[in-house]
Peer 1: 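Below you'll find the structure I mean.
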Amino acid sequence: MNVYDAERMADVLAAQGYVETPSIDDADLVILNTCHIREKAVEKVYSELGRVRENKAERARDGKETRVVVAGCVAQAEGAEIMRRAPVVDVVVGPQSYHRLPELLAAKSRDQAVDTEFPVEDKFRQLPARRIAPQRNVSAFLTIQEGCDKFCTFCVVPYTRGAESSRSVEALMTEARRLTGLGVREFTLLGQNVNAWHGEGPDGKTWTLGRLLRQLADMEGVERLRYTTSHPRDMDDELIDAHRDLPQVMPYLHLPVQAGSDRILAAMNRRHTADEYRRIIDRIRGARPDIALSSDFIVGFPGETDADFAATMRLVDDIGFASAFSFKYSQRPGTPAAEQADQIPEQVKADRLAELQAALERDRAAFNRSMAGRVIDVLVERRGRQPGQMAGKSPYLQGVHFDAPDDILGQMATVEVIEASAGSLLGRYLGPAGSVPDHATGIAPAPAEQPPSPQQRNANAA
Ligand code: 5AD
Ligand code: SF4
């Protein structure tokens with residue numbers, strides 16, 4: 001979502017005559033768009049501000065002025081404190097107020113140059129139309145929902161991004177239509193709690209995400225749909241059915257579980273058990289057997305015992321994730337878990353993280369290897385690093401590189417996977433999508449062609 005927000009800030013400033021510079025040395029205006037989710041992310045902001053200050057001093061020697069903005073969730077959480085700690089900062093703007101950037105930049109005093117309100121006016125209504133740079137125009141983010149009411153006890157999002165709010169069907173369809181007109185073929189729908197999205201449809205009924213996906217799949221030009229990040233509690237039947245029924249909905253789902261122990265899940269206020277998560281996964285795999293699953297994990301949550309951590313490892317073995325993100329628990333000011341007395345020592349967190357990541361990496365490598373020899377469709381997003389090379393994404397969100405003629409850029413290509421490396425897949429170009437009969441397109445694969453899930457692989461190995 002920070003990438004999306006950064007693009008929208010560029011849209012606001014483009015209307016003021018600003019253009020993006022390739023290097024910070026050429027920038028009259030520097031914006032740091034920041035993340036508050038873990039302590040490490042916050043520390044990075046202050047160290048980066050140190051670098052920006054040096055840069056500003058150097059430009060000043062050449063008689064050039066540099067203005068500095070801190071945007072995003074650190075701005076939201078720390079407000080004017082950032083200016084006190086880092087005097088180099090001219091403007092502080094939270095994630096709900098960045099449509100006001102021009103006014104804030106014109107502010108007469110430092111007091112007026114801080115905005116961390118959650119304004120009643122709809123930020124999206126105030127933003128100018130999307131202005132997508134041609135090189136990134138086949139795949140676009142679309143924020144459909146912001147904020148969160150779940151209040152997991154470790155998480156700052158409900159405080160920094162505010163209460164859950166959904167954009168209207170009409171606003172979303174208008175933005176999507178404009179983007180497909182600019183050549184966009186894939187949307188990744190965004191929200192901190194994206195599957196909590198709901199809105200009134202043209203039929204007067206309340207729509208949830210499954211229905212919205214259906215509407216977008218019908219839009220001319222839309223070839224691929226993805227969404228992130230979901231909460232297990234909001235995986236309703238209509239959304240799961242969308243994975244079965246809509247070829248445009250890609251077989252990849254990021255569904256954070258955080259931990260495998262019921263005791264820890266309860267302490268986290270996740271509102272589901274490990275077995276409930278397993279059953280949700282069963283239903284999703286029932287609808288779309290080849291789906292690639294991804295998740296987030298936290299190790300070393302306060303009070304986590306060796307037995308609790310072993311339950312997380314069991315869950316990982318049971319599900320077989322195609323990819324995952326995992327983190328050491330980070331104490332966030334103002335969150336309930338930060339107040340707990342039973343914090344876990346740093347070394348224990350580090351050991352558990354290493355063990356978990358080894359298992360996740362094993363499953364990811366197995367999933368990637370299972371792609372070898374498969375024929376898939378790739379949405380070609382950009383040129384690769386080597387001359388003649390193209391790069392894009394598989395249906396399962398893996399990066400794919402292959403040699404192909406230039407005119408396939410921005411189109412869908414059919415590719416045979418030759419080799420699966422740690423980071424990406426190497427492919428052989430077979431032709432534009434649709435020209436190659438009988439292959440798994442990432443669209444409703446024939447059962448015989450599905451890659452074995454890591455779960456099946458584990459079963460085989462056992
Ligand atoms: N400590 C560690 N990880 C966290 N996350 C959120 N808050 C914390 C925290 N306090 C992780 C969760 C979430 C992801 C976006 O960041 O796994 O899903
Ligand atoms: Fe944070 Fe996600 Fe929990 Fe909301 S659902 S509080 S964003 S971890």
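Indexing begins at 1, ligand by ligand and atom by atom, following the structure's order. Start at 1 with the first residue, then count along the sequence.
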Peer 1: Are any of the side-chain heavy atoms of N195 and N193 separated by less than 4.5 Å?
Peer 2: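 Yes; the side chains approach each other to less than 4.5 Å.
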Peer 1: Would you confirm whether the ring centroid of F321 sits within less than 6.0 angstrom of the ring centroid of F297?
Peer 2: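 Yes, they do, as the ring centres are separated by less than 6.0 Å.
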Peer 1: Does the shortest distance from atom 3 (Fe) of ligand 2 to an N/O/S atom of C152 fall below 2.8 Å?
Peer 2: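 Here the distance criterion (N, O or S atom, under 2.8 Å) is met by C152, so yes.
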Peer 1: Relative to each other, are the rings of F124 and Y4 parallel, tilted or perpendicular (30° and 60° limits)?
Peer 2: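 Tilted, since the angle between the ring planes falls between 30° and 60°.
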Peer 1: Show me which atoms of ligand 1 lie under 4.0 Å from any heavy atom of F327.
Peer 2: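 Answer for ligand 1: 3 (N), 11 (C), 14 (C), 16 (O), 17 (O).
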Peer 1: When you compare the side chains of Q145 and E164, does any donor N or O come within less than 3.5 Å of an acceptor on the partner?
Peer 2: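 Yes, E164 and Q145 have a side-chain donor paired with an acceptor closer than 3.5 Å.
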Peer 1: For ligand 2, which part of F154 has a heavy atom less than 4.0 Å away: the side chain, the backbone, both, or neither?
Peer 2: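 Side chain only.
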Peer 1: Check ligand 2 against F151 and write out every atom of the ligand that is under 4.0 Å from a heavy-atom position of the residue.
Peer 2: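 By the 4.0 Å cutoff, the relevant atoms are 6 (S).
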Peer 1: In plain terms, say whether R278 and D275 are close enough for a salt bridge, that is, a side-chain N and a carboxylate O under 4.0 Å apart.
Peer 2: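 The answer is yes: the pair qualifies as a salt bridge.
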Peer 1: Which ligand 2 atoms does P158 reach within 4.0 Å, using its non-hydrogen atoms?
Peer 2: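 So the atoms of ligand 2 that pass are 6 (S).
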Peer 1: Using a 4.5 Å cut-off on heavy atoms from C-beta on, say whether the side chain of E361 contacts that of R364.
Peer 2: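 When only atoms from C-beta onward are counted, E361 and R364 do touch, with a gap below 4.5 Å.
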Peer 1: Suppose we only count N/O/S atoms under 2.8 Å; would C148 qualify as near atom 4 (Fe) of ligand 2?
Peer 2: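 C148 does place an N, O or S atom closer than 2.8 Å to atom 4 (Fe) of ligand 2.
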Peer 1: Check this for me: does any side-chain nitrogen of one of R185 and D377 sit under 4.0 Å from a carboxylate oxygen of the other?
Peer 2: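 No, this pair does not count.
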Peer 1: Among all protein non-hydrogen atoms, which one is nearest to atom 5 (N) of ligand 1, and what is the separation to 0.1 Å?
Peer 2: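 Checked against all protein heavy atoms, atom 5 (N) of ligand 1 sits closest to R38 NH1, 3.5 Å.
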Peer 1: Please check if the distance between the ring centroids of F151 and H231 is under 6.0 Å.
Peer 2: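 Between F151 and H231, the centre distance exceeds or equals 6.0 Å.
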Peer 1: To check your reading of the model: name the closest protein heavy atom to atom 9 (C) of ligand 1, its residue, and the distance in Å.
Peer 2: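 For atom 9 (C) of ligand 1, the nearest protein heavy atom comes out as S330 O, 3.6 Å.
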Peer 1: At a 4.0 Å cut-off, with the gap strictly under it, does some heavy atom of Q331 reach an atom of ligand 1?
Peer 2: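 Per 4.0 Å heavy-atom rule, Q331 does not contact ligand 1.
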Peer 1: By number and element, which atoms of ligand 1 are closer than 4.0 Å to a non-hydrogen atom of R332?
Peer 2: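 Selected atoms, number and element: 10 (N).
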Peer 1: Out of all atoms in ligand 1, which are within 4.0 Å of some heavy atom of K328? Include the element for each.
Peer 2: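 Heavy-atom distances to K328 below 4.0 Å select 1 (N), 2 (C).
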Peer 1: Identify, by atom number and element, the atoms of ligand 2 in contact range of H231, meaning under 4.0 Å from any of its heavy atoms.
Peer 2: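 Heavy-atom distances to H231 below 4.0 Å select 5 (S).
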Peer 1: Please list the nearest protein heavy atom to atom 6 (C) of ligand 1 with its residue and the distance rounded to 0.1 Å.
Peer 2: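 Residue, atom and distance for the closest contact: I37 CG1, 3.4 Å.
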Peer 1: Using a 4.0 Å heavy-atom threshold (strictly under), name the region of P256 that reaches ligand 2: side chain, backbone, both or neither.
Peer 2: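 Neither; nothing of P256 gets under 4.0 Å from ligand 2.
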Peer 1: Which atoms of ligand 2 are found less than 4.0 Å from any heavy atom of R270?
Peer 2: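 Listed by number with element: 3 (Fe), 5 (S), 8 (S).
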Peer 1: So which heavy atom in the protein is nearest atom 13 (C) of ligand 1, and how far is it from that ligand atom?
Peer 2: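 Answer, as residue, atom name and distance: D296 OD2, 3.5 Å.
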Peer 1: Among all protein heavy atoms in this structure, tell me which lies nearest to atom 7 (N) of ligand 1, with the distance rounded to 0.1 Å.
Peer 2: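 Here the closest protein heavy atom is F154 CD1, 3.3 Å.
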Peer 1: State the atoms of ligand 1, each with its element, that fall below the 4.0 Å cut-off from a heavy-atom position in Q258.
Peer 2: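 Under 4.0 Å from Q258, ligand 1 has these atoms: 12 (C), 13 (C), 17 (O), 18 (O).
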Peer 1: Check the angle between the aromatic planes of Y396 and F367 and answer parallel, tilted or perpendicular using the 30° and 60° thresholds.
Peer 2: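 It falls in the perpendicular class, over 60°.
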Peer 1: Could you walk me through whether D90 and L29 pass the side chain to side chain contact (heavy atoms under 4.5 Å, CB included) test, one step at a time?
Peer 2: CA-CA 10 Å; D90 298 296; L29 176 66; over 6 Å; no
Peer 1: Does the side chain of S326 come under 3.5 Å of the side chain of Q357 through a donor N or O and an acceptor N or O?
Peer 2: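 Indeed, the side chains of S326 and Q357 share at least one donor-acceptor pair under 3.5 Å.
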Peer 1: Taking the side chain from T34 and the backbone from V74, do they hold a donor-acceptor pair closer than 3.5 Å?
Peer 2: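 Between the backbone of V74 and the side chain of T34 there is a qualifying donor-acceptor contact (under 3.5 Å).
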Peer 1: Purely on distance, is any nitrogen or oxygen of P256 under 3.5 Å from one on ligand 1?
Peer 2: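 N/O-N/O distance under 3.5 Å: no.
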Peer 1: Can you tell me which residue and heavy atom of the protein come closest to atom 1 (Fe) of ligand 2, and the distance to 0.1 Å?
Peer 2: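 Going atom by atom, the protein heavy atom closest to atom 1 (Fe) of ligand 2 ends up being C155 SG, 2.3 Å.
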Peer 1: Say whether Y329, considering both its backbone and side-chain N or O atoms, lies within less than 3.5 Å of an N or O atom on ligand 1.
Peer 2: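 Among all N and O atoms of Y329, none is under 3.5 Å from an N or O of ligand 1.
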Peer 1: Just wondering, do V156 and C73 contact through their side chains at under 4.5 Å, heavy atoms?
Peer 2: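 Side chain of C73 against side chain of V156, heavy atoms only: no contact under 4.5 Å found.
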